[in-house]
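Report on the structure given below.
Computed from heavy atoms alone, side chains included, the values below leave out hydrogens, waters and symmetry copies.
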Amino acid sequence: MSITNIDHHIGGKVVASTSGRAQDVYNPATGAVSGRTALASAAEVDKAVAVAQAAFPAWAETSPLRRARILFKFLELMNQHRDDLARLITAEHGKVFTDAQGEVTRGIEILEFATGIPQLLKGDFTEQVSTGMDNWTMRQPLGVVAGITPFNFPVMVPMWMFPVAIAAGNTFILKPSPIDPSPSLFMADLLKKAGLPDGVFNVVQGDKEAVDALLAHHDVKAISFVGSTPIANYIYETGARNGKRVQALGGAKNHMVVMPDADLDQAVDGLIGAAYGSAGERCMAISVAVLVGDVADKIMPKLIERTKALKIKNGMELDAEMGPIVTDIAHSRITGYIEHGAREGAKLLVDGRGFKGKAAGAGCDNGFWLGGTLFDHVTPEMKIYKEEIFGPVLSCVRVPDFATAVKLINDHEFGNGVSCYTRDGHVAREFSHRIQVGMVGINVPIPVPMAWHGFGGWKRSLFGDMHAYGEEGVRFYTKQKSVMQRWPESIGKGAEFAMPTSK
């Protein structure tokens with residue numbers, strides 16, 4: 001099998017790395033090396049920033065309507081190639097093809113939002129704020145901005161960032177995960193075909209050296225990041241210390257509360273899909289089921305049956321429900337959590353460590369396979385409750401009442417996503433009002449906001465003040481300028497030494 005070299009995309013063309021450093025890219029289903037991605041040096045990052053900086057003045061002066069027309073063409077190309085992108089995702093990440101298709105679709109929705117940039121950049125105007133004086137505001141681009149994105153959504157998460165950023169007139173540098181870097185080059189090629197000027201969108205493959213170079217570079221005005229909380233905290237503190245605007249989305253421990261009046265079959269469907277979809281490698285995955293009152297005894301047999309029956313296969317099998325874990329290192333980390341949970345006294349009802357790759361299909365013997373895992377009688381003191389596992393592990397916590405469920409969730413350090421299954425409108429309203437979490441679902445297991453709203457958690461799930469995409473994204477990638485204007489004929493004689501007021 002041939003090994004593909006995966007390089008940078010700078011100034012409208014693929015640029016071979018000169019760093020001498022590279023990293024293997026794997027097919028998680030087979031365990032085979034499929035490519036080798038470059039790892040940029042600080043000098044290569046500097047080159048990319050210089051190219052983006054040179055492209056910025058002309059792009060910023062391009063009218064929003066012309067920018068939108070290029071994005072419309074890119075939208076057309078993305079729709080034509082959505083399955084090609086989905087196949088790249090499955091080949092390097094491992095998630096099932098239908099899930100990868102959904103990821104591409106959600107990314108395209110952000111792009112559709114960004115094509116409305118002429119409307120989104122409109123300012124405000126007030127006539128006659130004082131005699132003969134008008135005041136208006138406008139939003140202008142920042143300059144060179146960068147996105148540092150995770151392995152679990154190699155198309156969707158970058159598209160949370162760059163369509164809005166470049167629509168607003170910025171130039172962009174994407175630093176994707178080295179685990180699944182190929183979709184970044186594919187999108188760069190489509191942007192080039194759509195007519196985007198060279199240097200407006202650039203891809204730098206890399207690891208921490210590239211990240212640190214972006215954080216330190218004077219000409220990078222803003223950083224967007226999605227990943228784990230420790231790294232998000234580091235990105236935020238380092239970027240802010242270097243004078244950058246930072247939007248850093250961190251980790252999660254998402255709960256689903258199941259009330260006694262809930263439709264249990266619907267709740268089971270929600271839990272199974274949200275806990276085990278994408279092998280649990282989602283920041284919005286449900287990893288804790290909070291079972292209220294007598295719900296646990298009723299729902300556990302259903303959860304056990306469904307967890308054992310998961311269709312775990314090579315992601316290109318269209319009936320697959322769950323694929324492999326993304327890397328061998330991640331596999332070891334997740335199995336370590338399972339071992340720890342069992343030692344701490346949680347009841348291990350379904351142990352995914354027994355799943356073997358040969359059951360997933362031909363050629364999968366050496367892949368990074370793990371079955372769905374289900375714990376009951378998990379308590380808040382346990383490591384598997386407190387920490388983000390980022391794998392197909394569902395922990396069930398039993399609580400006596402609604403108030404205890406709310407307190408349990410509000411006491412957790414993370415506040416990314418949460419869900420409540422109930423038929424009671426009052427409970428739903430109280431839950432939405434009281435819960436200290438950024439994204440809430442009522443009978444919706446994964447409440448990822450639509451493109452025109454905005455994505456972001458609370459507490460240690462978000463560092464920075466603005467959420468991703470939507471109008472929050474437009475504000476993040478632009479700065480407001482206020483203009484007050486009057487003409488000589490309306491100016492009175494003499495200097496004014498008092499604080500100006502409306503007259």
Side-chain angles (χ1 to χ4, degrees), residues 5-23 37-62 66-67 70-71 74 140-149 158-159 161-178 181 183-225 235 238-248 476-479:
N5 287 325
I6 302 162
D7 287 304
H8 314 303
H9 193 284
I10 300 171
K13 60 182 182 294
V14 174
V15 176
S17 179
T18 58
S19 71
R21 298 189 309 124
Q23 178 175 314
T37 186
L39 299 175
S41 64
E44 289 173 298
V45 172
D46 288 348
K47 177 182 176 181
V49 174
V51 168
Q53 181 68 24
F56 171 67
W59 183 242
E61 289 298 315
T62 301
R66 287 181 60 197
R67 295 185 216 135
I70 292 172
L71 290 181
F74 179 52
Q140 294 184 329
L142 304 177
V144 180
V145 299
I148 301 165
T149 56
M159 293 188 74
M161 304 172 185
F162 74 78
V164 178
I166 63 177
N170 302 282
T171 54
F172 196 91
I173 296 173
L174 172 62
K175 205 299 291 180
S177 169
S184 63
L185 293 185
F186 196 99
M187 290 188 290
D189 184 58
L190 294 185
L191 282 163
K192 171 85 171 177
K193 291 177 179 176
L196 190 71
D198 293 345
V200 174
F201 179 80
N202 307 276
V203 178
V204 175
Q205 311 292 354
D207 54 6
K208 188 176 185 298
E209 183 173 340
V211 170
D212 286 341
L214 288 168
L215 288 170
H217 204 294
H218 177 266
D219 288 333
V220 176
K221 302 304 182 185
I223 297 277
S224 298
F225 171 83
I235 296 285
T238 308
R241 189 167 59 248
N242 287 318
K244 303 187 190 315
R245 185 176 290 188
V246 183
Q247 171 193 74
F476 180 77
Y477 290 119
T478 57
K479 52 194 173 187

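Considering only heavy atoms from C-beta on, Pro197 comes within 4.5 Å of Ile70 through its side chain. For the pair Val203 and His8, the minimum side-chain heavy-atom distance is 4.5 Å or more.
The neighbour count for Lys221 NZ, taken as heavy atoms of other residues, nucleotides or ligands under 6.0 Å away, is above 12. Other residues, nucleotides and ligands place more than 12 heavy atoms under 6.0 Å from the CZ atom of Arg21.
Heavy atoms only, all atoms of each residue included: His217 and Asp46 are closest at CD2-OD1, 3.1 Å. Heavy-atom minimum distance, Ser224 versus Gln247: OG-OE1, 2.9 Å. When all heavy atoms are compared, the tightest approach of Gly147 to Phe172 is N-CZ, 3.5 Å. When all heavy atoms of Val204 and Ala48 are compared, the pair lying nearest together is CG2-CB, 3.5 Å. Listed here is the closest heavy atom pair of Glu209 and Ala42: OE2-N, 3.2 Å. Summarising the geometry of Phe74 relative to Met159, their closest heavy-atom pair is CE2-CE, 4.3 Å, with the distance given to 0.1 Å.
Checked by atom type and distance alone, the side chain of Asn202 pairs as donor or acceptor with a backbone atom of Gly199 at under 3.5 Å. Without hydrogens or angle criteria, Glu61 side chain to Ala58 main chain gives no donor-acceptor distance under 3.5 Å. Of the possible donor and acceptor atoms, one in the side chain of Asn242 sits under 3.5 Å from a partner among the backbone N and O of Leu215.
For the atom pair OG1 of Thr149 and NZ of Lys175, the computed distance is 7.0 Å after rounding to the nearest 0.5 Å. Distance check, rounded to the nearest 0.5 Å: CE of Met187 to CG of Leu191 gives 8.0 Å. Taking OG1 from Thr238 and CD1 from Ile223, the interatomic distance works out to 10.0 Å, rounded to the nearest 0.5 Å. Taken from NZ in Lys13 to CG in Asp7, the straight-line distance is 13.0 Å, to the nearest 0.5 Å. How far OG of Ser184 is from CG of Asp189: 11.5 Å, rounded to the nearest 0.5 Å.
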Any chance you could lay out the side-chain contact (heavy atoms from CB on, under 4.5 Å) test for Val220 and Lys244, step after step, and finish with the verdict?
CA-CA 7 Å; Val220 176; Lys244 303 187 190 315; 4.1 Å; yes

Determine, stepwise, if the pair Arg245 / Lys479 fulfils side-chain contact (heavy atoms from CB on, under 4.5 Å).
CA-CA 10 Å; Arg245 185 176 290 188; Lys479 52 194 173 187; 4.2 Å; yes

Using side-chain contact (heavy atoms from CB on, under 4.5 Å), reason through Ile235 and Val211 one step at a time and then give a plain yes or no.
CA-CA 9 Å; Ile235 296 285; Val211 170; 3.6 Å; yes

I'd like to know whether Val15 forms a side-chain contact (heavy atoms from CB on, under 4.5 Å) with Glu44, so could you lay out the CA-CA distance, the side-chain angles of the two residues, the decisive distance to 0.1 Å, and finally the verdict.
CA-CA 10 Å; Val15 176; Glu44 289 173 298; over 6 Å; no

Name the atoms and distances for all side-chain donor-acceptor pairs under 3.5 Å in residues 161-171, with sequence neighbours left out.
residue	atom	partner	partner atom	Å
Asn170	OD1	Leu142	N	2.7
Asn170	OD1	Gly143	N	3.0
Asn170	ND2	Ala165	O	3.0
Asn170	ND2	Tyr477	O	2.9
Thr171	OG1	Ala52	O	3.0

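Among Leu39, Thr37, Leu174, the one residue that satisfies the side-chain contact (heavy atoms from CB on, under 4.5 Å) test with Gln205 is Thr37.
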